[in-house]
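Given the structure is predicted, the values throughout are model-derived calculations rather than measurements.
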Amino acid sequence: MTTSPNPGAVLAEFTATLRFDDLPPAVVARTEELFLDWAASALAAKGLHPIPQFEAFARAMGPADGRAEILVSRARSSAYFAAWVNAASSHLVEQDDLHNSSVLHPATVVFPAALAAAQDVGASGAELIAASVAGYEAGVRIGEFLGRSHYRIFHTTATVGTLAAAVAVGRVLKLTPAQMLDALGSAGTQAAGLWEFLRDAADSKQLHTAHAAASGLAAAYLARDGVTGAQRILDGAKGMAAGMSSDSDPTRLTDGLGTRWALLETSFKFHASCRHTHPAADALLDLMRREQLVASDIESVVARVHQGAIDVLGAVTVPATVHQAKFSMGTVLGLVAVYGKAGLEEFRDHALTDPAVAAFRDKVGMVLDADVDGAYPQRWLGRVEVTTRAGRTFHGAIDEPKGDPGNTLTRSELEDKTRRLARFSGAASDAEVDALIARVWNLHTAASVAALL
């Protein structure tokens, strides 16, 4: 399992010494876009269960005020508890980003931790961007290193997210490479998060990201103050790969550092659901438009998917909550077939109560497709087979779901998404959102990020 030289140390060296001036303009611009998308995802969760419980815990355990901002409430707290709440809220409505080949949601763990630390120490916008890029680059590579076997049992955003957050905060704190390696060690030994919660419609997914962001932040602060961590937490004989993976590849940890910007490969979410549903949803929508079908025309749908989709979505048959419905392939396809989209309002108003959606859900099945599975996780292909009530069969195919780098959201579309998400929860007025958007588009020039809202 162990290789030499230590690939974790190489990763620590790169992320600790990464400067804003090292970043190509496209990386800076995309970081701002991802940051806005993340902030919108956090705002959309205001008042939704279980976010008030996370806020209450932070109020009970944290300081009455502090330098770091909790987005959903505008309250201030310590960096630890601001990261805790912001990470939980930004992962609730299933609108946060995803990196395909690592199967990691980087924004929901990197940005809460990096922003909280940046506000705590008075860092600039450029420093926040450099730190966030460091977190993305490390997190993606660690996710790829742990491989497909890891994701089958472990929620990668929870486990790998702890290390990604630690790296981002470590860069804000200007850790040395040796300290960054200690931060990785302390973060990795806290990495946790299991998929079992999906079977029970439990609230653990938000706990996963809260714990990852806050624990990663703590690991970096402790490393700054001299607390050491395992030097080979990633590939050591009793490290993460040894206990959490059967197909780890240490070469992925240092793949293209400084030349391959993995952050640019990250996808935005269009539908408000688990990303594993998006390829089939887009393929079904495209097919229905092409063949001029409506939901009542359809007798059955077979979604041809990769194994990861079956592993995650197969646990949900009849969803018990709105959040669990976002992990039901049948419900998502029912919403897009009946309403033309699977957005926040559709899930809130129709996912659990509309008989037409329930009827369509029961028409949907998933089967493993060798070609789709072979392309995954680098590419998430959408393939559906539709049989109509008239006995005709149609096939739909999408190679790049909406939001993928080759089919991305424009800045105008991201602004529209931000406004929609803020209005959904009432977390910010239109004027406040306009000011937020303007602030984020100029994040790279900001002398301070002390007040986002």
Side-chain angles (χ1 to χ4, degrees), residues 1 91 94 96-106 108-109 139-164 187-209 211-212 233-236 238-253 267 273-280 303-317 319 323-324 326-330 332 365-383 401:
M1 186 81 59
H91 203 45
E94 294 294 329
D96 51 311
D97 67 15
L98 177 94
H99 183 273
N100 283 355
S101 59
S102 59
V103 201
L104 173 71
H105 297 274
T108 192
V109 287
V140 164
R141 287 170 173 80
I142 295 170
E144 291 175 340
F145 154 70
L146 289 173
R148 291 181 62 166
S149 65
H150 179 77
Y151 186 77
R152 189 174 66 84
I153 301 295
F154 294 96
H155 182 198
T156 302
T157 303
T159 54
V160 173
T162 313
L163 292 94
T189 206
Q190 299 179 80
L194 299 163
W195 279 116
E196 184 63 22
F197 73 89
L198 272 177
R199 300 179 188 277
D200 309 307
D203 298 322
S204 303
K205 201 161 189 272
Q206 288 70 59
L207 179 61
H208 285 180
T209 53
H211 173 267
I233 197 65
L234 297 169
D235 67 331
K238 296 190 176 182
M240 291 181 71
M244 296 177 158
S245 174
S246 60
D247 62 345
S248 64
D249 179 2
T251 65
R252 302 311 298 267
L253 291 169
S267 300
S273 59
C274 174
R275 190 66 161 77
H276 291 295
T277 67
H278 289 210
R304 309 189 70 85
V305 298
H306 51 262
Q307 184 62 47
I310 294 173
D311 292 341
V312 173
L313 306 177
V316 181
T317 52
H323 191 258
Q324 194 182 40
K326 294 169 182 278
F327 290 80
S328 162
M329 180 68 86
V332 174
M366 291 188 295
V367 299
L368 181 66
D369 184 286
D371 291 337
V372 174
D373 192 59
Y376 174 83
Q378 283 73 26
R379 301 172 68 209
W380 295 40
L381 305 179
R383 301 288 185 268

> Is the ring centre of His276 less than 6.0 Å from the ring centre of Tyr151?
Replying inline: yes
In Å and rounded to the nearest 0.5 Å, what is the [atom1] to [atom2] distance from [X] to [Y]?
| X | Y | atom1 | atom2 | result |
| --- | --- | --- | --- | --- |
| Asp200 | Gln324 | CG | CD | 8.5 Å |
| Thr159 | His211 | OG1 | NE2 | 11.0 Å |
| Leu198 | Lys326 | CG | NZ | 13.5 Å |
| Leu381 | His306 | CG | NE2 | 9.5 Å |

> Leu234 and Leu253: side chain to side chain contact (heavy atoms under 4.5 Å, CB included), yes or no, with the steps?
Replying inline: CA-CA 9 Å; Leu234 297 169; Leu253 291 169; 3.9 Å; yes
>> Under a 3.5 Å distance rule, please check whether His99 uses its side chain to pair with a backbone N or O of Leu104 as donor and acceptor.
In response: no
> Any donor-acceptor pair under 3.5 Å linking the side chain of Asp249 with the backbone of Thr251?
Replying inline: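 Side chain of Asp249 to backbone of Thr251, a donor-acceptor pair under 3.5 Å: yes, one is there.
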> side chain to side chain contact (heavy atoms under 4.5 Å, CB included) between Thr162 and Val109: does it pass, once the steps are laid out?
Replying inline: CA-CA 7 Å; Thr162 313; Val109 287; over 6 Å; no
If I compare all heavy atoms of [X] with all of [Y], which pair ends up nearest, and what's the gap?
| X | Y | answer |
| --- | --- | --- |
| Ser102 | Thr156 | O-CG2, 3.7 Å |
| Ala158 | Ala192 | CB-O, 3.0 Å |
| Val312 | Cys274 | CG1-SG, 4.3 Å |
| Asp97 | Pro106 | OD1-CD, 3.1 Å |
| Gly236 | Ala242 | O-CB, 3.9 Å |
| Val316 | Ser328 | CG1-CB, 3.8 Å |

> Are Ser204 and Glu196 side-chain neighbours, meaning at least one heavy-atom pair lies under 4.5 Å?
Replying inline: no
> Does any non-hydrogen side-chain atom of Met240 lie less than 4.5 Å from one of Leu163?
Replying inline: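 A side-chain contact exists here, since the closest heavy-atom pair is under 4.5 Å.
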>> Parallel, tilted or perpendicular, judged at 30° and 60°: which one describes the rings of His150 and Phe154?
In response: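 His150 vs Phe154 ring planes: parallel.
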>> Working note: Ser267 + Asn100, criterion side chain to side chain contact (heavy atoms under 4.5 Å, CB included); need CA distance, chi angles, decisive distance, verdict.
In response: CA-CA 7 Å; Ser267 300; Asn100 283 355; 3.8 Å; yes
Kindly list each side-chain donor-acceptor pair under 3.5 angstrom involving residues 372-380, sequence neighbours excluded, with atom names and distances?
unit_1, atom_1, unit_2, atom_2, d
Asp373, OD1, Arg148, NH2, 2.6
Asp373, OD1, Gln307, N, 2.8
Trp380, NE1, Pro377, O, 2.9

> Given Thr157, which of Thr108, Leu98, Asp96 fulfils the side chain to side chain contact (heavy atoms under 4.5 Å, CB included) condition?
Replying inline: Thr108
> Among all residues two or more places apart in sequence or in another chain, which pass the ring-ring contact (aromatic ring centres under 6.0 Å, His included) test with His105?
Replying inline: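 With sequence neighbours excluded, His105 shows a ring-ring contact (aromatic ring centres under 6.0 Å, His included) to His91, given in chain and number order.
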